[in-house]
2 protein chains.
Amino acid sequence: MENTFNAICQKLHQLDYKVTPQRQVILQAFLENAAEHLSAEEVYNIVKERYPEIGLATVYRTLDLLAELDILQKINFGDGRTRYELDQHETHYHHHMICLECGRVQEFDDDLLESLEKLLTQQTGFHITDHQLKFFGYCRDCAAQKLKRSDVDAI
Amino acid sequence: MENTFNAICQKLHQLDYKVTPQRQVILQAFLENAAEHLSAEEVYNIVKERYPEIGLATVYRTLDLLAELDILQKINFGDGRTRYELDQHETHYHHHMICLECGRVQEFDDDLLESLEKLLTQQTGFHITDHQLKFFGYCRDCAAQKLKRSDVDAI
DNA sequence: ATCCATGCAAAAATTTTGCATGAGC
DNA sequence: GCTCATGCAAAATTTTTGCATGGAT
């Protein structure tokens with residue numbers, strides 16, 4: 001299953017969910033902002049441009065639905081609101097690095113958890129379907145600034 | 001630095017934070033419930049038994065403080081509230097498995113991310129200080145029940 | 001006609017803030 | 001007396017819910 005507009009609409013349809021214009025514009029928001037991790041309110045603001053009469057509750061309900069269907073993935077970066085991104089489940093090697101200084105989120109891919117998952121299932125009986133890996137630290141820019149600042153402090 | 005009551009109080013003291021009775025009972029709540037991942041409200045309820053006049057705002061402020069000082073770690077399991085646990089930073093190999101059916105959280109330890117962190121820092125310049133790894137899936141009990149249910153469905 | 005989805009408004013739940021009070025040095 | 005921490009209440013923020021309306025089959 002691909003993450004294309006049509007593939008997702010088909011999936012909805014097959015599961016007997018209506019492919020309403022509201023759901024379509026919300027999907028589009030994610031497809032056109034694949035680099036972002038959007039919150040409900042951000043989605044609402046984006047979507048209102050094309051579909052001004054949409055309600056925030058509809059956005060919440062749609063995000064819930066799409067997350068339930070594994071089309072979106074819920075993430076929480078600790079800024080007080082739930083964020084969503086298109087599920088990278090097929091690739092599954094999709095992780096985040098969060099800068100504790102500026103809050104920016106970088107991505108990277110790696111598959112090294114596959115073997116660990118199998119081992120864990122064997123050892124614990126826990127049947128793993130997905131994972132989330134987040135690294136916290138300081139991005140190159142902020143790390144450099146911190147270094148500079150501590151030079152100054154040292155004077 | 002250890003995660004003992006005294007070690008943490010010393011750390012607070014050294015950083016010029018007062019070791020108030022409120023902060024002490026909150027710390028105790030975590031030390032005595034090391035297996036749990038407590039939310040602010042849960043901490044509040046635990047702590048009220050020993051210190052009934054404490055306010056919820058104090059709990060929030062204390063949790064913020066302790067998280068800021070890396071004594072607690074903020075986690076989010078997607079249940080709508082921020083949770084906290086004593087920071088396992090020294091061991092650093094502390095991860096979670098979250099059951100999508102019953103919501104229970106199991107823990108496990110593994111050190112396989114160490115080498116990846118070094119590699120990432122080399123490749124991207126992102127200076128990693130911590131990470132969080134969560135696995136999602138179905139615990140042994142729920143996985144067994146799901147299996148049973150699909151047997152029944154198949155009849 | 002029925003059923004699902006929607007918009008709006010209200011409510012709920014979580015977290016933050018302002019401010020006067022109080023404890024400790 | 002000064003400063004920091006606290007309790008309380010109010011406010012802000014995020015999310016959920018109830019309900020009447022509307023659209024599609």
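Values below: all heavy atoms of this structure, side chains included; hydrogens, waters and symmetry mates excluded. Labels below follow one simple rule: chain letters A, B, ... track the order of the sequence lines, proteins then strands, and each chain is numbered from 1.
Taking side-chain N and O atoms only, B:R23 has a distance below 4.0 Å to OP1 or OP2 of D:dA5.
One atom, CD of B:Q24, and another, P of D:dA5, lie 14 Å apart when rounded to the nearest Å. In this entry the distance linking NE2 of A:H13 with C1' of C:dA5 reads 16 Å, nearest Å. Here the P atom of nucleotide C:dT15 and the CG atom of B:N76 are 9 Å apart, to the nearest Å. Residue A:L56 contributes atom CG, which lies 10 Å from atom P of D:dT14 at whole-angstrom precision. Straight-line distance from the CG atom of B:N45 to the C1' atom of C:dT14: 14 Å, rounded to whole Å.
The side chain of A:Y60 sits closest to D:dT16 out of C:dA5, D:dT16, C:dT15. The side chain of B:D64 sits closest to C:dT16 out of C:dT16, C:dT15, C:dG7. Checked against D:dG7, C:dA5, D:dT17, the side chain of A:Y17 finds its nearest nucleotide in C:dA5. For A:T20, counting side-chain heavy atoms from C-beta on, the closest listed nucleotide (C:dA5, D:dT6, D:dG18) is C:dA5. Of the candidates C:dC8, D:dT6, D:dA9, the closest approach to any side-chain atom of A:R61 belongs to C:dC8.
Tested against B:F126, the residues A:Q106, A:R140, A:R104 include a single side chain to side chain contact (heavy atoms under 4.5 Å, CB included) partner, A:Q106.
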Distances for protein N or O near nucleotides 21-25 of chain C N or O, under 3.5 Å:
none

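Every ring pair (Phe, Tyr, Trp, His ring centres under 6.0 Å) that A:F108 has, sequence neighbours left out, goes to A:H95, A:F135.
Counting heavy atoms from C-beta outward, B:Q132 and B:Q73 have side chains that approach closer than 4.5 Å.
Among the heavy atoms of the strands, none lies under 4.0 Å from A:S39.
Annotation: of the two residues near DNA chain D, B:D16 and B:P52, the 5′-most nearest-nucleotide partner is B:D16.
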